[in-house]
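Everything below concerns the one structure shown next.
Worth knowing before you read on, the calculation uses all heavy atoms, side chains too, and leaves out hydrogens, waters and symmetry mates.
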2 protein chains.
Amino acid sequence: MIEASPKDRVTLVDIASDAGVSRATVSLVLRNVPSVAPATRKRVLQSITKLGYVYHRGAANLRTQRSHAIGLIVSDITNPFFAEIIIAIEDWLGSTGFVTILGNTSENLEKQQRLLKSLSEYPVDGILICPTQGSITGAGSLAGRRPPVVAFTRPVSGLDYAGVDNVAGSELAIDYLAALGHQHIAFIGGPSSLSSAQQRFLGYRLGLEKNGISFRENLVVEQAPNRKGGFQGLTAALTLSPAPTAAVCFNDVVALGAIEALRSSSKEPGRDFSIVGFNNIADAHFGGLTTVDTSPAKIGEAAADLLLHRIKEPTSPVRQVILTPRLIVRESTARRSPGSSPD
Amino acid sequence: MIEASPKDRVTLVDIASDAGVSRATVSLVLRNVPSVAPATRKRVLQSITKLGYVYHRGAANLRTQRSHAIGLIVSDITNPFFAEIIIAIEDWLGSTGFVTILGNTSENLEKQQRLLKSLSEYPVDGILICPTQGSITGAGSLAGRRPPVVAFTRPVSGLDYAGVDNVAGSELAIDYLAALGHQHIAFIGGPSSLSSAQQRFLGYRLGLEKNGISFRENLVVEQAPNRKGGFQGLTAALTLSPAPTAAVCFNDVVALGAIEALRSSSKEPGRDFSIVGFNNIADAHFGGLTTVDTSPAKIGEAAADLLLHRIKEPTSPVRQVILTPRLIVRESTARRSPGSSPD
DNA sequence: TTGGGTTATTAGATCGATCTAATCGTAGCG
DNA sequence: CGCTACGATTAGATCGATCTAATAACCCAA
């Protein structure tokens, strides 16, 4: 009664004996190697469905030294910007036969280390990471690692990188607001420890200069890059004198928080005050938010491409892909209303 | 010149020969088996750091028939409710030494099938899933699968399940609104194809009945479960006559959209109209939204526990964990304002 | 001194696939 | 008829760990 044993995994050997061929032939069929005779292939395929065979990728990985898995580490999964990047990367890599293993650090360096270790052990073929705030300068432990690492959104020296031209993005926003007549423009920023925040701030300053608007230190508000930060930041900015008539925000989530602050002071965005966001997440579209489009999906795809390339050519020179942002004009911005604030 | 070869992976054999012991001993050290002599253990550990050994989990998995990986499939990663569940599950499983492989279906059944296949092949030890809308009744292909599957948020017959008592949740909301004097309460619902939407609707009706409020068909608005749906749903509800003075929403995202609709009709939530959400996501806290707390983190942990248990005891009876929701009162609800609407 | 009983270590098989190199059959060709 | 060439198939080694069962080393009691 050998057949009665509840052998619970069907393997190549089972298929082979059922179809009357060898393990090797079954493997050839699975991989669609053309050298198999049509009749044999058919017989094998029948056995496969008959026995309910499930491919064991892990075993194959061990032999081929390729896992067809990549790790994706983001710094805040609750931020729709990252959620959209995740979707894009999963779709992109999924279509090329890769599995994505996701990790979230919540901006926690220790978690990031754990994830990196775990992914290297797995092992994955490569890692896509948006590094936590501290890790960009720190230790350099990201460059030259065994599973190659590609950074996105936040550059790391020595690593391939996909991101957006933050400086140009802020300038776009300022140019537009200046053209609308705004002279007092606040910058509701993210933490200055983030390179993207630094760059966007730089673009803000350059933009002001270019448009002949004088820089006012107190119009720059550093806040956490979330809804609450935007609310508090704009609330604070509104108390200043002369009050700003417009604001550029670190990202869309911050901008949406800022809009809430406006409304709770009975100001209508677009009519009484102009707000520009950054990233163009889905909510921005619906919320009528004018924003600097950094197309998260494109960043994700670019990063994935960089990683695939590096997996294929581990020693190729480091590359950086800097995408050009564009301004999406919606209802949250308008010409400065005449009586809004004295110049 | 054998040592010059760029052998690029350090394995147990390398450690063994460096430390002058056998593969098996190194393995014992790695797994912290106590039978190893302290001196030997020390020597092995030194070789490990010296040679920069990285554990190869995949190889171990093949032998032990356990991957210590679980698959997590959500239906919409851009929804903060799921993002919070994801974080909870990752933290929980991560602390027990599991790796989480995430997949997102965007409510797409075909994607879900692809993900299930990919995860089974990997292979993972188990799968946590919030099934897409169509798949709950369909095919029954989820129950009795080889990697055990646990559902959350949306029950599937024959599967372990962790979720919240949606009926009781809606009732809580209605009880509270009724106590505040509201007589015309709208229900801005999710798609009726979702079991959770059905249950919440049921709770709405039961709640009305219990509080002696007559049910009005036209106060029930079916909408997509996102910000836009909430906006459109409430905008539509406001045109009715007699107009509602309060609304229960399918979830917090819908509720936040509804609040936007209120504001763009110059109504202030809490003062002119009461809104109750569902889930208690982080944004609800900040946005001052009264909501039915379903504690996503708790759902995630409960689901993870169910899965761990099933992995250990594959043939144990199916279990369902139904968490009890509670109402979190914030500023978006208030006593019905006297002149708001005729009874 | 010797046998029994620990304790520490190890050789060899194993997980389920793939790869290499060899083999078998047979068709083509001079 | 014999030799090559080629297409189809396969045996056996291999990836890097773990497991089993056996062995080596050692201490202590009789």
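- With D:dT18, C:dT9, D:dT10 as the choices, the nucleotide that has an atom nearest any side-chain atom of B:Leu28 turns out to be C:dT9.
- Contacts of B:Val21 with the nucleic acid, taken as non-hydrogen atoms under 4.0 Å apart, involve only primed sugar atoms and P, OP1 or OP2.
- The side chain of A:Ala37 sits closest to D:dT9 out of D:dC15, C:dT10, D:dT9.
- Contact annotation: A:Arg9 does not reach the phosphate of C:dC15 (side-chain N/O to OP1 or OP2, under 4.0 Å).
- In the set C:dA11, C:dA17, C:dA8, C:dA11 carries the atom at the smallest distance from any side-chain atom of B:Ser22.
- To the nearest angstrom, P of C:dT9 lies 16 Å from CD1 of B:Ile15.
- Comparing C:dA17, C:dT9, D:dA17 by their nearest atom to the side chain of B:Tyr53 picks out D:dA17.
- Within 3.5 Å, no donor on the side chain of A:Arg57 pairs with an acceptor on the base of C:dG16, nor the reverse.
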* Asked: Passes side chain to side chain donor-acceptor pair (under 3.5 Å), A:Asp125 versus A:Ser67? Steps please.
  -> CA-CA 6 Å; A:Asp125 290 341; A:Ser67 67; 3.2 Å; yes
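- Spacing between atom CZ of B:Arg41 and atom P of C:dT10 amounts to 14 Å, rounded to whole angstrom units.
- Within the 4.0 Å cut-off from OP1 or OP2 of C:dG16, at least one side-chain nitrogen or oxygen of B:Gln65 is found.
- Note on B:Ala60: only backbone sugar-phosphate atoms sit closer than 4.0 angstrom, heavy atoms only; bases stay farther off.
- Taking atom CG of residue B:Asp14 and atom C1' of nucleotide D:dA17, one finds them 13 Å apart after rounding to whole Å.
- Nearest approach of B:Leu119 to B:Ile101, heavy atoms of both residues: CD2-CG2, 3.8 Å.
- When every heavy atom of B:Leu62 is checked against every heavy atom of A:Ala59, the shortest pair comes out as CD1-CB, 3.8 Å.
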* Please assess A:Glu107 against A:Arg154 for the test salt bridge (charged side-chain N to carboxylate O under 4.0 Å, His left out), listing each intermediate value before the final yes or no. => CA-CA 12 Å; A:Glu107 300 287 5; A:Arg154 302 175 187 168; 2.8 Å; yes
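- Remark: B:Tyr55 is in phosphate contact with D:dT18, judged by side-chain N or O atoms under 4.0 Å from OP1 or OP2.
- One atom, CZ of B:Arg66, and another, P of D:dC19, lie 11 Å apart when rounded to the nearest Å.
- Taking only side-chain atoms of B:Leu62, from C-beta outward, the nucleotide of C:dA17, D:dG16, D:dT18 with the closest atom is D:dG16.
- Between C:dC19, D:dA8, C:dC15, one nucleotide has an atom nearer to the side chain of A:Thr64 than all others, and that is C:dC19.
- In this structure, the ring of A:Tyr55 has its center no less than 6.0 angstrom from the ring center of B:Tyr122.
- Considering only the side chain of A:Ala24, C:dC19 comes nearest among C:dC19, D:dG16, D:dA8.
- At whole-Å resolution of the value, CG in A:Leu12 and P in D:dT9 are 16 Å apart.
- Considering only side-chain atoms of B:Arg23, the nucleotide from C:dA13, D:dT10, C:dT18 that sits closest is C:dA13.
- Nucleic acid contact class of A:Val13 (heavy atoms, under 4.0 Å, all strands): none.
- A:Ile48 has its CD1 atom 13 Å from the C1' atom of C:dA17, to the nearest Å.
- Of all nucleotides listed (D:dA17, C:dA17, D:dT9), D:dT9 comes nearest to the side chain of A:Thr25.
- Rounded to an integer number of Å, the gap from B:Asn61 CG to D:dA17 P is 12 Å.
- Positionally, the nearest nucleotide of DNA chain C for B:Arg43 lies more toward the 5' end than for the other of B:Arg63 and B:Arg43.
- To the nearest angstrom, C1' of C:dA17 lies 9 Å from CG of A:Leu30.
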* Asked: When you look at A:Asp160 and A:Arg310, which way does the salt bridge (charged side-chain N to carboxylate O under 4.0 Å, His left out) test go after all the steps?
  -> CA-CA 9 Å; A:Asp160 290 321; A:Arg310 175 140 317 275; 2.4 Å; yes
